[in-house]
Amino acid sequence: MNVGYSKGYRLTQSALWVVLWVAMAMILTTPAAVAQQLKSPVEIITGEPTHQVFDSGRAQVTLLELFSSQGCSSCPPAERWISQLKTDDRLWSHVVPVVFHVDYWDYLGWPDPYASLQHSQRQRLYQIHGRSNAVYTPGFMLSGKEWTGWFQNPALPELPSGSPGQLIVKRDGRNLEARFTSDGDYRALVLNVAVLGCDLVTEIKKGENSGLLMDQDFVVLSHQTYKSSDGSWDVHLPKTSVEGTRAVAFWVSEAMDPVPIQATGGWLPP
């Protein structure tokens with residue numbers, strides 16, 4: 001009885017495979033299936049949208065910079081505070097936050113993976129231009145001016161007003177087309193492009209923050225600058241090797257002066 005059942009099962013299974021084979025053959029010979037096997041003139045991209053437009057509008061958008069370090073014990077509270085801006089209604093439309101990790105505390109024992117000499121030099125440039133009194137962490141710059149009020153009252157102050165101009169950036173994949181229009185007399189403009197990492201978690205194993213699991217947002221992963229004489233740019237979005245939630249910040253400034261004139265930004269699709 002068991003043998004007969006086994007033979008009958010094999011016969012049924014064989015017949016089923018024949019039916020499936022015939023059905024697949026019929027499907028693959030339909031005009032639609034044949035077309036699918038040919039190279040399509042249109043590339044179908046799933047997942048990441050290829051087109052985005054970032055528009056500051058004419059009103060002032062504030063660039064909020066935080067100079068920080070994983071090797072500084074005073075920085076975690078500032079990083080936790082700026083992370084709260086992820087749920088703030090003013091994010092991107094009124095304020096664009098960026099966190100530059102500096103490298104001058106690496107000697108304390110923990111080499112910050114997001115720190116760079118370029119970030120440290122940017123902070124020193126603010127001091128050279130008289131925009132800040134010293135180089136320290138955590139250090140806030142609000143629209144290019146030192147903001148020490150955070151230490152007494154950790155809340156965004158009244159943001160600067162005005163109409164410095166409009167910055168529009170169109171993204172097509174990694175291609176960026178930017179344009180800044182203004183009534184001001186700006187020369188030798190510079191477009192800043194910063195790719196930001198969010199929801200970053202680092203286990204600090206040495207230094208002043210040893211043993212701390214540090215959550216961070218708006219961390220600058222890559223910062224590139226591009227000069228222009230007419231306020232227009234055709235450049236590329238910088239590449240980064242860090243995966244996860246990402247955003248991008250754009251701002252324009254004048255050559256050799258780090259102070260932002262206008263800014264915009266937003267989330268990048270996963």
Side-chain angles (χ1 to χ4, degrees), residues 51-67 85 90-100 102 116-133 135 139-147 156-172 174-196 218 220-238 247-268:
H51 299 280
Q52 283 181 288
V53 178
F54 305 90
D55 187 350
S56 69
R58 301 290 297 183
Q60 178 73 66
V61 178
T62 297
L63 183 73
L64 174 61
E65 301 173 68
L66 168 60
F67 291 93
L85 292 179
R90 295 168 292 182
L91 179 63
W92 310 129
S93 60
H94 293 80
V95 60
V96 175
V98 294
V99 181
F100 288 101
V102 297
S116 79
L117 177 60
Q118 179 191 11
H119 300 168
S120 301
Q121 290 174 336
R122 178 176 178 83
Q123 190 181 25
R124 292 190 179 98
L125 195 58
Y126 271 126
Q127 185 187 28
I128 291 172
H129 281 267
R131 307 292 182 177
S132 63
N133 292 318
V135 173
F140 286 95
M141 300 295 294
L142 195 68
S143 284
K145 296 181 180 179
E146 184 178 19
W147 177 40
L156 273 179
E158 183 177 351
L159 298 177
S161 59
S163 302
Q166 185 174 19
L167 175 61
I168 298 178
V169 182
K170 299 178 181 179
R171 183 183 78 89
D172 181 4
R174 288 192 57 244
N175 298 319
L176 301 173
E177 180 184 332
R179 181 76 179 173
F180 178 65
T181 54
S182 173
D183 296 331
D185 184 20
Y186 298 115
R187 300 179 182 178
L189 286 169
V190 174
L191 175 69
N192 293 258
V193 183
V195 177
L196 313 177
F218 307 114
V220 175
L221 304 177
S222 178
H223 174 215
Q224 300 293 329
T225 57
Y226 307 93
K227 295 180 180 179
S228 172
S229 59
D230 62 357
S232 62
W233 298 264
D234 287 296
V235 296
H236 293 91
L237 187 69
V248 62
F250 305 99
W251 67 95
V252 288
S253 57
E254 292 188 273
M256 301 305 296
D257 190 344
V259 175
I261 300 170
Q262 182 62 296
T264 187
W267 299 108
L268 290 173

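Here the structure is a predicted model, which means the values were calculated and not measured. All values below were derived from every heavy atom in this structure, side-chain atoms included, with hydrogens, water molecules and symmetry-related copies excluded.
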Enquirer: Looking only at heavy atoms, which two atoms of P97 and W92 are closest? And how far apart?
Expert: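 Answer, listing the atom of P97 first, then W92: CD-CZ3, 4.1 Å.
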
Enquirer: Are W233 and V252 packed together at the side-chain level, in the sense that at least one heavy-atom pair is separated by less than 4.5 angstrom?
Expert: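 With C-beta onward as the side chain, the pair touches.
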
Enquirer: What's the shortest heavy-atom distance between L196 and A249, and which atoms?
Expert: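 Nearest heavy atoms, L196 then A249: CD1-CB, 4.2 Å.
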
Enquirer: For S253, does its backbone N or O pair with a side-chain atom of Q262 as donor and acceptor, under 3.5 Å?
Expert: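 Checked: no pair found.
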
Enquirer: Can you confirm whether L64 sits close enough to L85 that some side-chain heavy atom of one is under 4.5 Å from a side-chain heavy atom of the other?
Expert: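 Yes - at least one pair of side-chain heavy atoms lies under 4.5 Å apart.
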
Enquirer: Do T62 and L156 have side chains that get closer than 4.5 Å, going by heavy atoms?
Expert: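 No. Closest side-chain heavy atoms not under 4.5 Å.
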
Enquirer: Under 3.5 Å, side chain of T225 to main-chain N/O of V190, donor-acceptor pair present?
Expert: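 Absent.
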
Enquirer: Which value, rounded to the nearest 0.5 Å, describes the distance between L142 atom CG and L159 atom CG?
Expert: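 So the CG of L142 and the CG of L159 are separated by 6.5 Å.
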
Enquirer: Within the side chain of Q52, is there an N or O that forms a donor-acceptor pair under 3.5 Å with the backbone of W267?
Expert: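 Present.
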
Enquirer: What closest approach, in Å, do Q224 and P238 show between heavy atoms, and which atom pair accounts for it?
Expert: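 Between these two residues, the closest heavy atoms are CG-CG, 3.6 Å.
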
Enquirer: Decide if atom CG of D183 counts as having more than 12 heavy atoms of other residues, nucleotides or ligands within a radius under 6.0 Å.
Expert: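 Counting other residues, nucleotides and ligands, CG of D183 stays at 12 neighbours or fewer.
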
Enquirer: Side-chain contact test, heavy atoms from C-beta onward, threshold under 4.5 Å: evaluate it for V248 versus R171 and give yes or no.
Expert: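 No, too far: nothing below the 4.5 Å cut-off.
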
Enquirer: Would you indicate whether the side-chain heavy atoms of L191 and S228 approach each other to under 4.5 Å?
Expert: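 S228 does not reach L191 side chain to side chain.
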
Enquirer: In Å, rounded to the nearest 0.5 Å, how long is the span from CG of L167 to CZ of R58?
Expert: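 So the CG of L167 and the CZ of R58 are separated by 11.5 Å.
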
Enquirer: Atom CD of Q118 and atom OG of S222: how far apart are they, to the nearest 0.5 Å?
Expert: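 Rounded to the nearest 0.5 Å, the CD-OG separation comes to 8.0 Å.
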
Enquirer: Judged by atom type as modelled, is there a donor-acceptor pair below 3.5 Å linking the side chain of R122 to the main-chain atoms of P258?
Expert: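 Yes, R122 side chain to P258 backbone: donor-acceptor pair under 3.5 Å.
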
Enquirer: Search all heavy atoms of A263 against all heavy atoms of L63 and return the closest pair with its distance.
Expert: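 That would be CB-CB, 4.4 Å.
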
Enquirer: Taking L237 as the fixed residue, which of V195, N175, V169, D172 is the one that meets the side chain to side chain contact (heavy atoms under 4.5 Å, CB included) rule?
Expert: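 Result for side chain to side chain contact (heavy atoms under 4.5 Å, CB included) with L237: V195.
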
Enquirer: Working to the nearest 0.5 Å, report the span between NE2 of H119 and CZ of F67.
Expert: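 Atom-to-atom, H119:NE2 and F67:CZ are 9.0 Å apart.
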
Enquirer: Please tell me if the side chains of V98 and F218 come closer than 4.5 Å, counting only heavy atoms from C-beta onward.
Expert: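 Of all side-chain heavy-atom pairs linking F218 with V98, none is under 4.5 Å.
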
Enquirer: Considering only heavy atoms from C-beta outward, does the side chain of V102 approach that of R124 to under 4.5 Å?
Expert: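 Sidechains of R124 and V102: no contact.
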
Enquirer: Can you name the closest pair of heavy atoms from G265 and V96 and give their distance?
Expert: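 Closest approach of G265 to V96: N-CG2, 4.2 Å.
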
Enquirer: Could you give me the CA-CA distance, side-chain angles and deciding distance for I128 and M256, then say whether side-chain contact (heavy atoms from CB on, under 4.5 Å) is met?
Expert: CA-CA 11 Å; I128 291 172; M256 301 305 296; over 6 Å; no

Enquirer: Could you check whether any side-chain heavy atom of Y126 comes within less than 4.5 Å of a side-chain heavy atom of E146, counting everything from C-beta outward?
Expert: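 Contact flag for Y126/E146 side chains = no.
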
Enquirer: If you measure from OG1 on T264 to CZ on F180, what distance do you get to the nearest 0.5 Å?
Expert: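 Those atoms lie 12.0 Å apart.
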
Enquirer: Parallel, tilted or perpendicular for W251 and H223, by the 30°/60° rule?
Expert: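 Rings of W251 and H223: parallel, under 30°.
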
Enquirer: Do you know which two heavy atoms are closest between V220 and A194, and how far apart they sit?
Expert: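 In this case the closest contact between V220 and A194 is CG1-CB, 4.4 Å.
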
Enquirer: Tell me which one of Q123, H129, Q127 satisfies side chain to side chain contact (heavy atoms under 4.5 Å, CB included) with L125.
Expert: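 When Q123, H129, Q127 are each tested with L125, the side chain to side chain contact (heavy atoms under 4.5 Å, CB included) holds only for H129.
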
